[in-house]
Structures are given as structure tokens and as C-alpha cells.
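Structure first, commentary second.
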Amino acid sequence: MALSAEVPGEVLAAARARLADVTADRRDLFELRLARWWDDLRDGVGHVYPDSAELLLELVGAAAEAYAERDPELHRLDQERTLAPDWFQRPQMLGYATYAERFAGDLAGVAEGIGYLRDLGVTYLHLMPLLRPRDGDNDGGYAVADYRQVRADLGTMDDLRDLAARLRRAGISLVLDLVLNHVAREHAWAVAARAGSAQHRDYFLVFPDRTLPDQYEQTLPEVFPDFAPGSFTWDADLQGWVWTTFNSWQWDLNWANPRVFAELARVVLFLANQGVEVLRLDAIAFLWKRMGTTSQNEPEVHAITQALRALARIACPGLIFKAEAIVGPADLVHYLGAGARHGKVSDLAYHNALMVHVWSMLAAKDVRLASHALRALPPVPSTTAWVTYVRCHDDIGWAIADEDAAAVGLSGPAHRAFLSDWYSGEFPGSDARGLVFQHNPATGDRRISGTTASLAGLEAARESGDDEAVDGAVARVLLAHAVVMGWGGIPVLWSGDEVALPNDPAWADDPAHAGDNRWAHRPPLDLDALARAQGPSTVEGRVLAGLRHLARTRAALPHLHASVRPDVLGPDDPGVLLVARRHPLGTMLAAYNVTAQWRPVAGWRLREHGLGHAVDALTGADVGPGDDDQLWLAPWRAVWLTAADA
Ligand code: GLC
């Protein structure tokens, strides 16, 4: 049986013309991959651009060129990844996310930090946007002025390639953002459009007057209501309103224009050839606009992703895609592939719902809402993985559905308001030190900024000098990480959280940052804190040792392979989250006590999973129900139970 429908003769010819100088074996491999992925490429492109024969020829030509130019070491990586397509699903994966300059000054500094990352167990490094952005405020680099240049203060493209190679040799995959919803107003395409190029004007969505923008805005949500209200910006050079979902200087690209697709496809191939192994598809939900909708999660978004991925599978299968779609659960699963696109879109996606529910459980000291909402999440393809995280560089928005809240007797708006009150420290008894981000009076939404330590009450506890409070807060920090490390997928630590850094007191000093309090939770890695972390009894040392221990324990548990789905059980006790992972080796049952009291797991629950005699992988101790037929968990305690004889 052939791998796929036949590739049209002219497409094959276009590829062969570019592969004249490669060896016969290598040419053969390209053709096999083209045959394997042709259907996905053609269907994805064809869904969006009905008249696509020419575009397909161009894309396959570009893929062949990139393939011919690809470094031998990267060709080898491609082979390795093809032989082990589950490489990113393995429990040994651990992510770390940081800004190069805040971690180590520049790209050369990051290379020097490889030992530190290895020590933590990191296998995946997300360096925040480092391609040349616009000057001044650039949304932390998310306003790209040139996809083919590195920010001058960080290094050059050669340095980036060198860093990617050094990371790879140390077993760490480099992850970079692909900002594909928008470019900076200073990007060459926008500059050309402003100078009157009709061709480039069509790279953007420009309207002569407010008629259509007003109609669109009736159903568009506000992303930055505080500092960038509305979704369109008047541009005097264009003499028109340009679509700007985010800031006024981030111009949305017109993906309905096949030229935009061709340009970004070339950027994907280019970055892959620098040695990038994972592309984070920034703000991917927003790519396709449709009147009368929120212009998020439209079907074309998934067709575009499928086509880009097929192209990468042909030219550079060492590269995978991660979707950054901070959307509701029902929409979210489509980014990993649902229905006909099952297994054909992004390989990774952020588990925003899990992150939100971790914080919700800790504030409410109750797991009922989380259990209900997480259990209701539709299954995702077994070839994909979630990126799990306690927090990231963005704010936390309380993405809790009203229906989920209602199902457990809560009011959605009231619970969301409670979470904002709790994490901004306004709720009586709250020890959280978050900051309110983008208060939207129209919807009542108040998103939250803050580091893990500050949100979990560790900053306040340390200031109070109360040892018991500190112990509790350290336990909560580790519990939150245990949940995300015990979920399956790639857990990603945010830089500084490993040594419990509080909010950066100097976050507003840079005038370009002063209006955006997300900078409070993007602190530079503090060398003093790192030094303190060497002491086993310091707070920093306890958090660091705890995280390392979680990572090591996780790496040795086959149950945590991402292909094994987590089943949320019960809850039997409202304070204990129960997650089972059924694996041929036996079930792993994780139990998390989110309260400040001792709480039980019932004996029958353990026996039901063959865990009447179990080992807690986190302590190595044999555990089982006591005389009262309950297993009691200490406050904020996590256990990962596996069969004693496994
Ligand atoms: C993503 C980024 C966020 C940025 C936005 C616009 O959501 O995570 O930081 O502001 O995209 O690029």
C-alpha cells in the first residue's frame, strides 16, 4: 500500500528541481515524506485557499530548498524524532521558560547556563521572544519587526544557531515563539503598506472607515481593555483603520491572503533550520476573522495549522508545534486535533484550564469545581501532549465556565470575583500578593499578575516571620507543582519560581513596562536567591529541592507518559483531588489535599485500583489505609501511589 495518494507530477518536479544537489538517498527520503504528508498539506491549504495549485507548488519548492540547506546534524535529529515520535510525551520532559536577558544577559550567557538547567532536569527551554522587535514598548517582544534577525543586545542569528546546537547536545530542545497573528507596525511589510504598496496593504486588514470595524466590534472581546481598547487603530499613513487585536502597534495579518501564508511558511522553515525544535504558535486562536463571531477558534485556524505542520513534517520533522490558545475547554481541544483533524494539528497545547483550576482549588480549598471541569474536558489524541504550568509570563484570567460553576452549586461570576479578590489580597484572610491586570468594567473581569511565591502566600509568610505560615506556603508551592507534574505532558517552570522569587519590586522602573504589570512576574533571575538555594534549609533551597525531587520522581514513572490519559475521580472528599492514570503497569493514583487540614482517601478507592498496598513514589514509603480504612493526607500534601509490586 502506498503511504498516500499520489503527489501530482508538477509538484514532484518542483521538488526535484531543488534537490538536484542532494544525494539520491536524501532525495528519496524527501519524496517519501512528501507522499506521506501530501494529503494533509493539500487539504489544509485547500480548505483556506480554494484556488491553491500555485501556492502548493511554491510551498513544496520552499520545503525542498529548506531541506537541501538543512544542517546534517538537524537531518540526524529529524531521523531520531521520526524513530521516536513520542519524544515530547515522555515523563523525562521538563520545561523551563525565561527571557534570555533576565536569565543570563544574552544568548552567550544562556549557553553558560546550560549546566544549571541540566541540573534542574530541564529538557525543553522556551526563550521568550528574541527576534528583532520594534523599538520602545513591544509587548515583551511580541511585536516582531524582523523574523530573520535576533535582538541586537542578545546576539546574532549565528549565536542563536550555536546556542540551539549546544542545547541540543545537552539534551535540551529550544522553543521559540512564532508570532503569526500580527507583526510590528515597523515590520517591512507594514512599512511598505504605509508607503503605499497595495500588495503589502493586503497583508493587513485595513478599512477606509468605521463601518465594518464597528460591526466586527459588536462581537469581538477586548484583549487589553486597559491599555489598548478596541480592536482597530486609525493609521494616518494608511488613511485607514487597521485591525489590531492587541496593541495599536501590533498589526494583525490578513491570513485570507495566500501571500501571508507563504511568507509565514518560509519563516517556519527558516527557524527550523536555525535549530529551533518547538515553535510556540502565539495567539493562534485569533488568526481567522469572521463577522458576527469573536473571531477566535474559527475552523480555518486549524486548517492553517495542519498545512504548516505538514510542511514541517516534510522538510524538518524534528520540529513540532505548540498552540498558545488561551480559550475555553471545548475550543481548546481542537488545537490538539478533534474530529477530522485528529492528530494533524499542534503536537502541544497549553493546559490553561488546569492552571486556572490549580489556583481556584488553592483559594477555595475545595476541589469540586476543578474535578467537575477537568473531568468534562474531551479527550485529546494520544499522540499529543499538554504543556502544564502553574503560571507563565502572562496574567491569569479566570477561565471558569458558568455552567461548570453551576454544576457544583456555584455562581460563575461570584466565584471569578472571589478568585480576583483572593489573589489580589483583598479577600479577608488572603495572604496572596497578586496585582489586578486589565480590570474590565463591562464584564467585571479582573485578571491577576504575580509570581507563584507571591500568589501562594509565600511572600507574605516570609515577611511575617511566622515559620508555620512559611511551611504552609512552601507546601502549597510544591503542591501546585505536583499537580502539574503529575498530570502528564510537559510541565514548564517559569524562571525564578524554582527559587521562590516574589514579585519583582522594580517591575515598573522601565518606562516601556510601567503600564503592564505582567512584568511583576517576570523577574530577573536573582543571583543571591540562587546562592541561598544552595542551603538545604532556606526557603529557596527547600523549594528548589522539592521541585527537583518532583521532576526526578516523575521522570522514573512510565505512568506519566502523555499518551496515558488522566482520569479525574470523585471527589470523595471535597478537599482531595484524585487523578488516576491507567497504565499497563498498573494504575497510578495521585491524591492532592488542597486544604490546611488532614484529609482522607478512602480505602475502597485504593483497593479499586489495586493499590491496597501501595508505594508513594514521592516518598518511596509503603502506604495503605489505617485502622479506620482511610489513608490520611497531611495539609497540602501530594501522594503519587503506584502498586507496591510494580
Ligand atoms: C500571547 C502572549 C502575550 C502577548 C500576546 C500578543 O498571548 O503570550 O504575552 O501579549 O500573545 O502577542
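Basis for what follows: all heavy atoms, side chains included, without hydrogens, waters or symmetry-related copies. Remember, it's 1-based here, ligands and their atoms both numbered in the order they're listed. Throughout, residue positions are numbered sequentially from 1 according to the sequence presented.
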Original post:
Which atom names give the shortest non-hydrogen contact between Val543 and Glu498, and what distance separates them?
Top reply: CG1-O, 3.6 Å

Go ahead and list the nitrogen or oxygen contacts between ligand 1 and the protein that come in under 3.5 Å, distances to 0.1 Å, or just say none.
unit_1: ligand 1; atom_1: 7 (O); unit_2: Glu324; atom_2: OE1; d: 3.3
unit_1: ligand 1; atom_1: 7 (O); unit_2: Glu324; atom_2: OE2; d: 2.9
unit_1: ligand 1; atom_1: 8 (O); unit_2: Arg280; atom_2: NH2; d: 2.8
unit_1: ligand 1; atom_1: 8 (O); unit_2: His393; atom_2: NE2; d: 2.8
unit_1: ligand 1; atom_1: 8 (O); unit_2: Asp394; atom_2: OD2; d: 2.4
unit_1: ligand 1; atom_1: 9 (O); unit_2: His393; atom_2: NE2; d: 3.0
unit_1: ligand 1; atom_1: 9 (O); unit_2: Asp394; atom_2: OD1; d: 2.7
unit_1: ligand 1; atom_1: 9 (O); unit_2: Asp394; atom_2: OD2; d: 3.4
unit_1: ligand 1; atom_1: 9 (O); unit_2: Arg518; atom_2: NH1; d: 3.3
unit_1: ligand 1; atom_1: 10 (O); unit_2: Asp139; atom_2: OD1; d: 3.1
unit_1: ligand 1; atom_1: 10 (O); unit_2: Asp139; atom_2: OD2; d: 2.7
unit_1: ligand 1; atom_1: 10 (O); unit_2: Arg518; atom_2: NH1; d: 3.2
unit_1: ligand 1; atom_1: 11 (O); unit_2: Asp282; atom_2: OD1; d: 2.9
unit_1: ligand 1; atom_1: 11 (O); unit_2: Asp282; atom_2: OD2; d: 3.3
unit_1: ligand 1; atom_1: 12 (O); unit_2: His182; atom_2: NE2; d: 3.0
unit_1: ligand 1; atom_1: 12 (O); unit_2: Asp282; atom_2: OD2; d: 2.9

**OP:** List in chain and number order the residues that pass salt bridge (Lys or Arg N to Asp or Glu O under 4.0 Å) with Asp421, two or more places apart in sequence or in another chain; answer none if no residue qualifies.
**Re:** Arg446

Subject >> Partner of Thr452 by side-chain contact (heavy atoms from CB on, under 4.5 Å), out of Trp359, Tyr389, Trp494 >> reply: Trp359

**OP:** Could you check if a side-chain atom of Phe88 sits within less than 4.5 angstrom of a side-chain atom of Leu348, using non-hydrogen atoms only?
**Re:** yes

**OP:** Output all residues satisfying salt bridge (Lys or Arg N to Asp or Glu O under 4.0 Å) with Asp402, sequence neighbours left out; order by chain, then residue number.
**Re:** Arg416

Subject >> For Pro524, side chain to side chain contact (heavy atoms under 4.5 Å, CB included) partners two or more places apart >> reply: Arg102, Asp504

